[in-house]
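These notes are about the structure you will find just below.
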Amino acid sequence: MFMRLSRSFLPTLKENPAEAQIVSHRLMLRAGLIRQTASGIYAWLPAGLKVLRNISQIVREEQDRVDAQEVLMPTLQSADLWRRSGRYDAYGPEMLRIQDRHKRELLYGPTNEEMITDLFGQTVKSYKDLPQVLYHIQWKFRDEMRPRFGVMRGREFLMKDAYSFDVDYASAVATYRRMMLAYLRTFQRLGVRAVPMRADTGPIGGELSHEFLILAPTGESGVFYDAALEDQDWLDEPVDTNSPEALEAFFNRVTTPYAATDEMHDTAAWEAVPDDRKREGRGVEVGHIFYFGTKYTQSMDVSVSGADGAQFFPEMGSYGIGVSRLAGAIIEACHDENGIIWPDSVAPFRAGILNLKSGDTLCDAVCEQIYAKAPEAFLYDDRPERAGVKFADADLMGHPWQIVVGPRSAKEGRVELKRRATGERQELSVDEALTLVLAG
RNA sequence: CGGGGCGUGGCGCAGCCUGGUAGCGCGCGUGUUUUGGGUACACGAGGCCCCCGGUUCGAGUCCGGGCGCCCCGACCA
């Protein structure tokens with residue numbers, strides 16, 4: 001794509017579109033990341049697509065790190081598949097049902113348990129091939145009664161969904177815990193604090209369902225948690241993911257401090273948390289992990305041979321991360337009155353190059369020199385606009401860094417480097433600035 | 001699905017009550033001006049007023065129907 005702003009499809013808006021009520025939706029529209037094409041359905045423009053890809057890539061790396069294997073299943077699924085599990089009739093009007101030219105019944109997948117279970121069953125025949133964890137990052141469609149909040153609650157959305165198959169409960173628990181670690185690492189790398197909270201397990205019961213919520217004032221549920229959950233660095237945490245004991249210790253550490261959404265809130269337990277550690281607010285759900293045993297292997301009759309030669313139904317779990325929702329949720333958590341403040345890891349561009357005097361030989365030369373060093377990392381604002389316009393747009397788009405090139409400092413071969421998150425500015429040589437920006 | 005609101009140049013809105021052939025700000029184009037935080041002036045382009053039907057000499061405006069979008073609620077990655 002073009003990284004020169006003068007030639008980019010990056011339409012920033014000065015005013016808030018009337019339909020956008022919450023801050024992330026407004027900023028996504030104003031910063032030129034998305035455009036709505038129908039209720040709850042969005043087109044991702046070049047900068048927005050970069051964000052989606054950056055998020056996906058981090059999700060992917062952390063899934064791979066716990067030995068999940070990436071596949072790609074289709075968006076369209078056959079109704080027959082869902083009849084096997086009994087969900088075709090059970091799912092209700094949220095499922096978009098489609099007919100092809102031969103009047104065959106299809107549906108746009110809202111989730112993939114049936115399809116993955118079928119795929120698994122076609123392939124895996126022995127306990128020796130377990131465990132298996134498969135995931136994909138694919139568009140889903142749920143015909144929500146009321147889409148809202150931009151991409152946070154769209155009808156079409158990009159989701160990473162993983163599915164695990166284990167020989168027994170103990171093994172399934174280990175897989176679940178491994179995935180929980182992967183999630184904590186994923187969200188940490190995305191620059192947000194997502195707190196895992198016990199979720200309702202419905203008819204299946206047990207304690208193996210957790211939602212991950214990001215604190216944001218516009219969140220959909222109330223959350224209460226112990227500040228002890230805030231400071232842990234999971235990226236360097238040496239958890240031996242092959243050891244069930246180590247996984248259990250890890251799991252206990254994560255789940256012992258109090259954390260609950262308003263639905264699961266336990267007032268008595270909350271009272272026991274020291275006042276200075278109480279954290280209370282609104283939360284956006286960005287991930288959900290769930291153990292559901294043999295629900296689908298049984299209903300779809302997918303079994304494998306055990307060591308004793310007898311057939312058994314593998315134990316399953318599913319693990320979702322709302323990728324497109326995260327784009328909005330991150331903005332909810334990371335912005336100020338001037339615009340987005342992207343975490344370095346998801347920013348569409350590492351830095352904006354602001355040419356304060358396009359057309360000036362010296363300014364142009366300095367900008368081109370910087371831009372040539374790493375064109376993929378920069379958005380070069382070469383438009384013949386006034387300085388104020390460029391400052392405002394750079395703040396709005398939220399580049400982690402702004403490299404400001406104006407005639408004043410360019411004469412001395414220097415540029416001004418601004419850190420978006422802190423507003424801190426410093427005058428540096430071109431090389432010094434490049435080193436800082438490209439290092440992180 | 002219940003309740004409410006809106007649909008007028010690209011964006012934000014006024015005009016509708018009290019029918020007479022469309023206006024403001026921003027943006028866009030050209031020129032001048034300005035040159036480190038959305039500069040100022042001038043000129044200019046751009047509108048089946050969501051759609052269909054009705055009333056009327058005449059409908060953006062009144063009436064009926066439809067479609068689309070948003071907000072509150074119940075429900076959800």
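Scope of the values below: all heavy atoms of this structure, side chains included, with no hydrogens, waters or symmetry mates. Lettering follows sequence order; numbering is per chain, from 1.
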- Taking any strand in view, what nucleotide pairs with B:G73 in a Watson-Crick or G-U wobble way, both distances under 3.5 Å?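 Its partner is B:C1 (Watson-Crick or G-U wobble, both distances under 3.5 Å).
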Side-chain donor or acceptor of [X] under 3.5 Å from a matching atom on the base of [N]?
X	N	value
A:Ser39	B:G68	no
A:Asp395	B:G37	yes
A:Glu15	B:G25	yes
A:Arg148	B:C70	no
A:Arg383	B:G38	no

NA contact type, [X], heavy-atom cut-off 4.0 Å: base, sugar-phosphate, or nothing?
X	answer
A:Arg155	nothing
A:Gln21	sugar-phosphate
A:Ala18	sugar-phosphate
A:Leu13	nothing
A:Asp360	nothing
A:Glu94	nothing
A:Met145	base
A:Asp161	nothing

Original post:
Does a side-chain N or O from A:Arg325 land closer than 4.0 Å to OP1 or OP2 of B:A77, or not?
Top reply: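 Indeed not, no polar side-chain atom of A:Arg325 lies that close.
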Checklist entry - Would you say B:C26 has OP1 or OP2 under 4.0 Å from some side-chain N or O of A:Lys14? => result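 No, A:Lys14 has no side-chain N/O under 4.0 Å of OP1/OP2 on B:C26.
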Those residues that, when tested against A:Asp262, pass side-chain hydrogen bond (donor to acceptor under 3.5 Å, both in side chains) (two or more places apart):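 Here no residue qualifies.
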message = Nearest to the side chain of A:Glu144, heavy atoms from C-beta on, is which of B:C26, B:A77, B:A74?
response =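 Selected nucleotide (nearest to the side chain): B:A77.
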When the P atoms of B:C57 and B:G15 are considered, how many whole Å apart are they?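 Those two atoms are separated by 28 Å.
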Face-on cation placement of A:Arg419 at A:Trp401 ring, 6.0 Å and 45° thresholds: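 Ring-cation test returns yes.
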> Can you tell me if A:Tyr258 and A:His265 form a side-chain donor-acceptor pair at under 3.5 Å?
Replying inline: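 Short answer, yes.
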Checklist entry - Do the side-chain N and O atoms of A:Gln63 and A:Glu70 include a donor-acceptor pair separated by under 3.5 angstrom? => result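 No donor-acceptor contact under 3.5 Å links the two side chains.
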Give the table of side-chain donor-acceptor pairs shorter than 3.5 Å for residues 72-79 of chain A, with sequence neighbours excluded, one pair per line with atom names and distance.
from	atom 1	to	atom 2	distance (Å)
A:Gln77	OE1	A:Trp82	NE1	2.7
A:Gln77	NE2	A:Thr111	O	3.1
A:Ser78	OG	A:Asp80	N	3.2
A:Ser78	OG	A:Leu81	N	3.4

Original post:
If each of A:Ala20 and A:Arg30 is mapped to the nucleotide of RNA chain B with the nearest heavy atom, which maps nearer the 5' terminus, i.e. the 5' end?
Top reply: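 The 5'-side residue here is A:Arg30.
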Answer yes or no for this row: A:Phe391 ring on B:G38 base, centroids under 5.5 Å, planes under 30°.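 Not stacked: fails the 5.5 Å / 30° test.
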